[in-house]
Amino acid sequence: MSRHPETNAIRTQTERTGEKEHSTPVFLTSSFVYDSAEEMAAAFADDSLDVNIYSRFSNPTVDEFNRKICVLESAEDGIATGTGMAAIFSTFMTFLQQGDHIISASAVFGSTHTILTKYLPKWGITHSYFNMNEPDAVAGLIRPETKMLYVETPSNPGLDLVDISALSEICKSRGILLVVDNCFATPAVQQPLQFGADLVIHSATKFIDGQGRVLGGVVVGRKELIQPLYLFVRNTGPSMSPFNAWVLTKSLETLFIRMERHAASALTIAHALQGHPAIRWVKYPFLASHPQFAIARKQMKNGGGIITFDLAGGLPSGRNFLNKLKMLSMTNNLGDSRSIASHPASTTHSKLTEAERQEVGITPGLIRISVGLEHPDDILQDILQALEP
Ligand SMILES: *Cc1c(COP(=O)(O)O)cnc(C)c1O
């Protein structure tokens with residue numbers, strides 16, 4: 001009988017050393033030694049990951065993290081990177097070239113937006129955006145030179161969703177790669193490859209670490225797609241540090257129980273905030289009022305750990321709310337054991353125009369809460385007292 005993913009997140013491990021250590025050791029070594037000139041020559045002749053040469057190429061601790069993510073995403077292969085952005089940029093650089101076109105949801109992470117609009121054009125790679133609430137527009141944006149469709153579901157911070165299998169149908173018939181940033185859901189909640197995505201990307205910095213300690217990223221998919229990505233990372237250097245891989249591989253052992261608690265608390269808090277007089281609306285994928293609730297039920301196991309709500313008082317109320325919080329942290333990170341509140345309009349998205357913010361669902365009074373692992377009553381109590389006039 002095959003084991004459950006919860007078990008695989010704990011029991012997937014690289015071969016242990018002769019010391020018979022129980023927990024995962026960390027291989028903080030930049031290179032590896034050989035017993036003979038012949039062995040060394042053979043290692044360099046082989047482009048696979050089978051022999052460790054140098055930690056920019058491969059490292060046993062990074063490999064354990066990588067293998068765990070692959071098992072959890074039901075992926076053939078994967079490559080870990082130093083950050084989530086390194087994973088995204090490496091994916092673009094590996095599969096796009098001069099003259100190519102990429103279609104992306106307009107609601108993507110800020111730095112992804114910057115790569116698409118400021119950097120890719122330098123290499124003659126163009127893009128078109130579509131609004132996640134109008135996925136039917138995608139087919140009309142496809143050109144002969146379109147090579148990739150890129151989405152984030154749920155999106156940050158708008159919590160918009162797209163139907164991954166519907167997009168996969170469009171891509172498959174036209175040979176377009178479907179790439180999904182699965183950062184908000186994690187493999188414990190959603191496995192995009194099962195719905196036809198070609199590549200899945202994570203910022204491991206968020207829920208995968210889960211305790212706000214280290215940066216990391218990873219891309220998983222079919223072996224034939226990961227091999228060129230691996231060579232890109234190996235040669236250009238955005239590799240994951242073995243120390244970060246050690247932190248992250250231990251984090252994965254608690255991913256499932258953490259995501260269950262994040263989601264249960266988030267749903268409780270989302271329900272409790274609905275109808276509050278200071279709030280115009282509450283958004284959470286597993287609330288029946290979410291415009292794409294049916295999609296959430298189809299492809300997600302739970303609603304994840306992020307909720308958003310819109311303060312009736314707009315921009316000044318957003319600042320006021322943050323200033324009144326007593327426990328929740330004011331920081332832009334998310335997916336931490338500590339609950340976090342942020343106000344995108346005055347911080348992460350303050351440089352966008354009002355029209356650009358509207359396009360990605362950021363209203364002046366939008367508050368994003370990353371629901372942590374504290375007791376849900378304490379999180380809710382802090383939010384409620386901060387909402388008082
Ligand atoms: C944070 C984040 C990223 C970038 O990851 P880093 O690890 O910070 O480089 C990409 N996508 C989403 C959805 C994110 O939230």
Side-chain angles (χ1 to χ4, degrees), residues 62 65-66 69 73 78-93 102 104-119 129 132 148 150-162 164 179-190 192 197 199-220 233 236-241 243-245 247-248 251-252 259 262 266 283 285 300 303-308 329 331-336 340-342 344 347-349 360-362 366 368-372:
V62 178
F65 167 70
N66 208 15
I69 290 279
E73 287 285 8
I79 173 79
T81 54
T83 65
M85 288 323 301
I88 293 167
F89 187 62
S90 299
T91 301
F92 290 161
M93 286 292 100
I102 172 170
S104 168
S106 52
V108 287
F109 188 66
S111 298
T112 308
H113 212 279
T114 304
I115 293 178
L116 289 168
T117 54
K118 300 237 159 58
Y119 292 96
Y129 284 130
M132 287 177 79
M148 189 182 285
Y150 185 91
V151 294
E152 213 173 87
T153 181
S155 67
N156 179 11
L159 293 180
D160 290 322
L161 312 177
V162 280
I164 301 168
V179 181
V180 177
D181 180 334
N182 198 26
C183 171
F184 265 38
T186 81
V189 174
Q190 171 176 274
L199 290 167
V200 174
I201 298 184
H202 286 284
S203 165
T205 314
K206 313 294 169 54
F207 288 104
I208 288 179
D209 174 22
Q211 285 139 95
R213 298 166 296 186
V214 298
L215 302 171
V218 64
V219 190
V220 300
V233 171
T236 64
S239 319
M240 176 177 277
S241 129
F243 179 78
N244 288 8
V247 172
L248 294 167
S251 300
L252 284 177
M259 290 313 293
H262 281 298
K283 203 163 170 187
M300 297 172 77
I306 309 286
I307 61 180
T308 57
S329 313
T331 165
N332 64 310
N333 196 31
L334 60 97
D336 197 305
I340 292 166
S342 69
T347 58
T348 46
H349 293 72
V360 296
I362 298 168
L366 184 83
R368 184 189 75 190
I369 306 283
S370 173
V371 177

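First listed ligand is number 1; within each ligand, the first listed atom is number 1.
Using modelled atom types, one finds no donor on one side chain facing an acceptor on the other under 3.5 Å when comparing R368 with T348.
Backbone and side-chain nitrogen or oxygen atoms of F184 are examined, and none is located within less than 3.5 angstrom of a nitrogen or oxygen of ligand 1.
Of all the atoms in ligand 1, the ones that sit under 4.0 Å from a non-hydrogen atom of E152 are 13 (C). With ligand atoms numbered from 1 in the order given, ligand 1 contributes 7 (O) to contacts under 4.0 Å with heavy atoms of G216. Of all atoms in ligand 1, listed by their number and element, those nearer than 4.0 Å to a heavy atom of N156 are 15 (O).
Side chain of S106 to main chain of Y129: no donor-acceptor pair is present (N/O by atom type, distance under 3.5 Å, no hydrogens or angles). Counting only distance, with no hydrogens or angles, the side chain of S370 and the backbone of G335 share a donor-acceptor pair below 3.5 Å.
Regarding atom 1 (C) of ligand 1, its nearest protein heavy-atom neighbour is K206 NZ, 1.4 Å. Protein heavy atom closest to atom 11 (N) of ligand 1, with residue, atom name and distance, is D181 OD2, 2.7 Å. Given atom 9 (O) of ligand 1, the protein heavy atom at minimum distance is M85 N, 2.9 Å. Looking only at protein heavy atoms, the nearest one to atom 4 (C) of ligand 1 is F109 CE2, 3.4 Å. Protein heavy atom at the shortest distance from atom 5 (O) of ligand 1 is S203 OG, 2.9 Å.
The ring of F92 has its center no closer than 6.0 angstrom to the ring center of Y119.
Residues E73 and P192 are in side-chain contact: their nearest non-hydrogen atoms beyond the backbone lie under 4.5 Å apart. For the pair N244 and F65, the minimum side-chain heavy-atom distance is 4.5 Å or more.
A distance of 6.5 Å separates NE2 in H349 from CG in N156, rounded to the nearest 0.5 Å.
At a 4.0 Å heavy-atom cut-off, ligand 1 touches T205 through the side chain alone.
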